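Below: one structure, written as structure tokens.
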Amino acid sequence: MTRPTQVWPEEFAARYRALGYWRGETLGDMLRATAARWPDRDAVLFDGGRWSYAELDARVDRLASAFVRLGFRPGDRVLVQLPNIPEFIAVVFGLFRADVLPVFVLPAHRRAEIEHFGRHADAVGYVIPDTFGGFDYRSLAREVRSSIPSLRHVIVVGDAEDHTPYAGLEATPVGPLPPVDPSSVAFLQLSGGSTGFSKLIPRTHDDYLYSVRESAAICGLDETSVFMATLPIGHNFTMSSPGILGALYAGSAVALTRSPVPDVAFPIIERFRVTITGLVPPLALIWEQAARTTTADLSSLKVLQVGGAKLTAELARRVREAFPQAILQQVFGMAEGLVNYTRLDDPEERLIHTQGRPISPDDEVRVVDDEGREVSPGKAGHLLTRGPYTIRAYYNAPDANARAFTADGFYRTGDVVSRDEDGYLTVLGRATDMINRGGEKVSAEEIEDHLIAHPQVHDAVVVAVPDPYLGERTCAAIVPRGEAPKPAALKAWIRQRGLAAYKIPDQIVVVDSFPETAVGKTSRRDIRAALRAQLSAPSQAAPGA
Ligand code: OOB
């Protein structure tokens with residue numbers, strides 16, 4: 001199988017290099033440089049121990065050597081499905097140094113997603129915990145094995161049973177490692193952004209490291225900072241905004257919490273004197289309430305980031321109140337590239353009402369109407385972007401690429417935003433059928449496909465309805481074939497098809513037929529729009545809607 005690529009037109013690449021954005025450094029080199037500078041400082045802090053930079057660096061070399069010895073070749077892909085445990089960091093950097101590309105699947109993913117990504121990426125390896133959150137990943141690995149023909153090694157952190165034990169790999173002596181090209185693809189991230197099935201996003205060492213270095217600076221990280229990975233560690237936000245990579249670049253410590261709930265995460269903040277972490281809005285709501293009564297000492301927290309989905313001004317204010325010593329930072333990013341931050345010294349109004357401005361002066365941002373004409377400041381429009389760390393194409397997806405990118409290389413984010421005179425963006429909604437369930441992205445089309453496969457479902461349409469806690473939740477409207485299935489039974493049936501729990505519809509309604517749209521159109525998009533209007537108050541103005 002061919003190695004994934006990501007190519008910018010030569011004049012752009014030359015410019016990004018000339019400006020010093022792309023420095024010809026790999027992610028593996030980056031960690032080596034930090035470890036050389038601060039060998040004895042804490043790199044990873046977790047329940048049960050700490051690894052210094054020197055120790056992490058040595059582990060990474062041993063793992064990289066073990067991956068080479070297992071037969072992973074430069075450019076191969078490996079699914080990584082680990083929770084927030086130190087081995088995640090060792091494995092991922094080990095893969096980087098072996099020039100093997102991690103694919104960051106999430107712990108919530110189940111058979112349907114693992115098979116989809118495993119086949120799409122032609123994964124040769126799959127790294128899992130033994131069990132986590134009451135779920136046995138070893139059984140999942142046995143289930144998917146036969147349907148991912150390329151899969152050769154399942155590596156288990158913990159009790160491996162019949163799979164390959166991680167512990168054995170970590171004990172491997174260091175051997176020769178392949179050279180790694182900084183302009184090559186380092187990993188595949190999952191898309192949450194546009195419509196349809198989740199696509200794979202190839203990011204290069206050069207482009208990602210640029211966003212990581214700038215993010216570390218914007219978020220004020222230095223060797224005295226402690227970043228806590230609270231959200232799933234493989235998600236782009238936790239990886240790089242500034243995330244674990246920003247921390248490891250700046251010489252900060254990475255603290256890990258196995259669960260984001262206050263009972264688990266607050267004691268970690270107290271114990272390791274965490275200075276910065278990132279949350280999605282529903283979690284910010286839980287933390288905001290818990291912070292008012294907790295006995296844990298949270299005074300070390302200097303920056304509290306919220307992103308992944310829209311933070312309402314009301315919740316933003318409450319977060320400010322509940323964490324008076326911390327600066328609230330809004331983060332509006334996407335795994336495809338562009339990340340916007342409110343700056344730490346921004347006035348209160350901006351922190352509460354905007355989702356920030358781009359990282360780079362060379363992030364080109366266009367806000368356009370349905371005809372592609374630039375709208376004036378303050379007006380709603382579609383957000384398009386290109387720049388030094390935004391991809392030009394998904395992996396192996398010609399149809400999606402044709403839809404998601406303009407002829408001149410702008411990524412169509414699918415987000416509807418307004419931009420003020422200073423370039424700060426406010427997210428108003430989405431123009432596509434992606435449902436943002438409190439930061440977890442659900443494709444309407446993907447869930448409709450599963451529903452329609454049920455023998456008692458004639459047709460199905462999945463839409464977002466407003467939810468006070470999640471922002472949006474999923475509602476499936478079904479037209480039955482014969483006797484209508486019971487909602488609970490239908491949910492159980494979908495779950496048994498091996499779908500991540502967050503994709504199971506929150507609500508199922510049975511209808512006789514779908515609403516006709518005013519112009520009598522019957523495309524899925526139109527039906528979804530009509531149904532959304534019927535099920536909820538009209539959402540905020542999307543252009544042309
Ligand atoms: C982050 O990345 P993805 O790839 O899971 O999702 C991207 C989409 C955006 O296109 C937008 O629709 C939504 O998530 N989004 C937000 C938001 N942050 C992301 N919508 C409103 N307000 C925000 N603050 O979600 C992601 C990647 C890097 C950093 C932070 C978030």
Side-chain angles (χ1 to χ4, degrees), residues 104-106 108-109 188-195 198-201 203 208 211-212 214-215 218-219 227 229-246 276-284 304-313 315-316 319 328-342 350-359 363 365 380 382-385 389-391 394 404 411-418 424-443 464 470-472 500 502 539-540 542:
F104 296 115
V105 288
L106 298 171
H109 288 148
L188 298 172
Q189 189 51 271
L190 312 187
S191 81
S194 6
T195 47
S198 194
K199 294 165 290 288
L200 291 172
I201 300 173
R203 301 285 303 261
Y208 211 55
S211 75
V212 164
E214 294 304 308
S215 294
I218 290 168
C219 302
F227 169 81
T230 305
L231 298 172
I233 193 162
H235 187 271
N236 199 56
F237 187 9
T238 322
M239 284 292 288
S240 67
S241 305
I244 58 170
L245 295 180
I276 172 170
T277 193
L279 308 175
V280 288
L283 194 55
L304 190 56
Q305 304 180 291
V306 184
K310 173 82 177 210
L311 179 66
T312 61
L315 181 52
V319 170
L328 169 68
Q329 181 177 51
Q330 296 217 34
V331 188
F332 163 38
M334 51 208 74
E336 285 81 357
L338 182 71
V339 181
N340 303 276
Y341 295 99
T342 54
R350 266 209 170 124
L351 299 184
I352 287 180
H353 289 285
T354 82
Q355 279 68 58
R357 67 179 161 85
I359 288 178
D363 280 319
V365 165
H382 303 281
L383 171 64
L384 311 183
T385 187
Y389 60 98
T390 296
I391 59 161
Y394 291 108
Y411 168 56
R412 297 182 209 273
T413 65
D415 294 316
V416 176
V417 305
S418 68
Y424 280 74
L425 302 175
T426 300
V427 180
L428 303 171
R430 286 190 63 79
T432 69
D433 298 310
M434 184 60 66
I435 297 148
N436 192 336
R437 203 175 167 279
E440 292 184 305
K441 317 301 185 316
V442 181
S443 153
L470 292 167
E472 291 179 354
Y502 69 87
S539 61
Q540 298 188 48

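Note that this is a predicted model, so its numbers are computed, not measured. In listed order, ligands and their atoms are each counted from 1. We number each residue from 1, following the sequence as shown.
Note that CZ of F332 is 6.5 Å distant from CG of L338, once rounded to the nearest 0.5 Å. Note that the CE atom of M334 and the CG atom of L383 stand 5.5 Å from one another [nearest 0.5 Å]. Summarising the geometry, atom CD belonging to Q305 is positioned 9.0 Å from atom OG1 belonging to T342; distances are rounded to the nearest 0.5 Å.
Between A335 and ligand 1, an N or O atom pair is found at a separation short of 3.5 Å. Remark: ligand 1 and G308 share an N or O pair separated by less than 3.5 Å (distance only, no angle test). Residue R430 places at least one N or O, backbone or side chain, under 3.5 Å from an N or O of ligand 1. Looking at ligand 1, you'll find an N or O of H235 within less than 3.5 Å of one of its N or O atoms. Here's the thing with D415: one of its N/O atoms is less than 3.5 angstrom from an N/O atom of ligand 1.
Residue N436 has at least one heavy-atom neighbour below 4.0 Å for each of these atoms of ligand 1: 13 (C), 14 (O). Per-residue contacts place N236 under 4.0 angstrom from the following atoms of ligand 1 (heavy atoms of the residue considered): 27 (C), 28 (C). Short contacts between ligand 1 and Q355, defined as distances under 4.0 Å to a heavy atom of the residue, involve ligand atoms 22 (N), 24 (N). Of all the atoms in ligand 1, the ones that sit under 4.0 Å from a non-hydrogen atom of K310 are 20 (N), 21 (C), 22 (N).
Put simply, the side chain of L384 does not reach to within 4.5 Å of the side chain of T413, judged on heavy atoms. Within the 4.5 Å cutoff, the side chain of V339 has no heavy atoms near those of the S240 side chain.
In this structure, K441 contributes its side chain and G308 its backbone to a donor-acceptor pair below 3.5 Å. A distance-only check finds no donor-acceptor pair linking the side chain of T238 to the backbone of G243 [under 3.5 Å].
No side-chain donor-acceptor contact under 3.5 Å links T385 and T390. Donor-acceptor pairing under 3.5 Å is recorded for the side chains of D363 and Y389.
Between Y502 and H109, the ring planes are tilted. Angles from 30° to 60° get that label.
The backbone and the side chain of M334 each have at least one atom closer than 4.0 Å to an atom of ligand 1 (non-hydrogen atoms only). Neither the backbone nor the side chain of S240 comes within contact range of ligand 1; no heavy atom lies under 4.0 Å. Under 4.0 angstrom from ligand 1, the non-hydrogen atoms of V331 come from both its backbone and its side chain. With a 4.0 Å cut-off on non-hydrogen atoms, L311 does not touch ligand 1 at all. Heavy atoms of M434 found under 4.0 angstrom from ligand 1: none, in either backbone or side chain. Residue contacts with ligand 1, taken as heavy atom pairs separated by less than 4.0 Å, involve K441 solely via side-chain atoms from C-beta onward.
Within the set G192, G414, G333, the minimum heavy-atom distance to atom 7 (C) of ligand 1 is found for G333.
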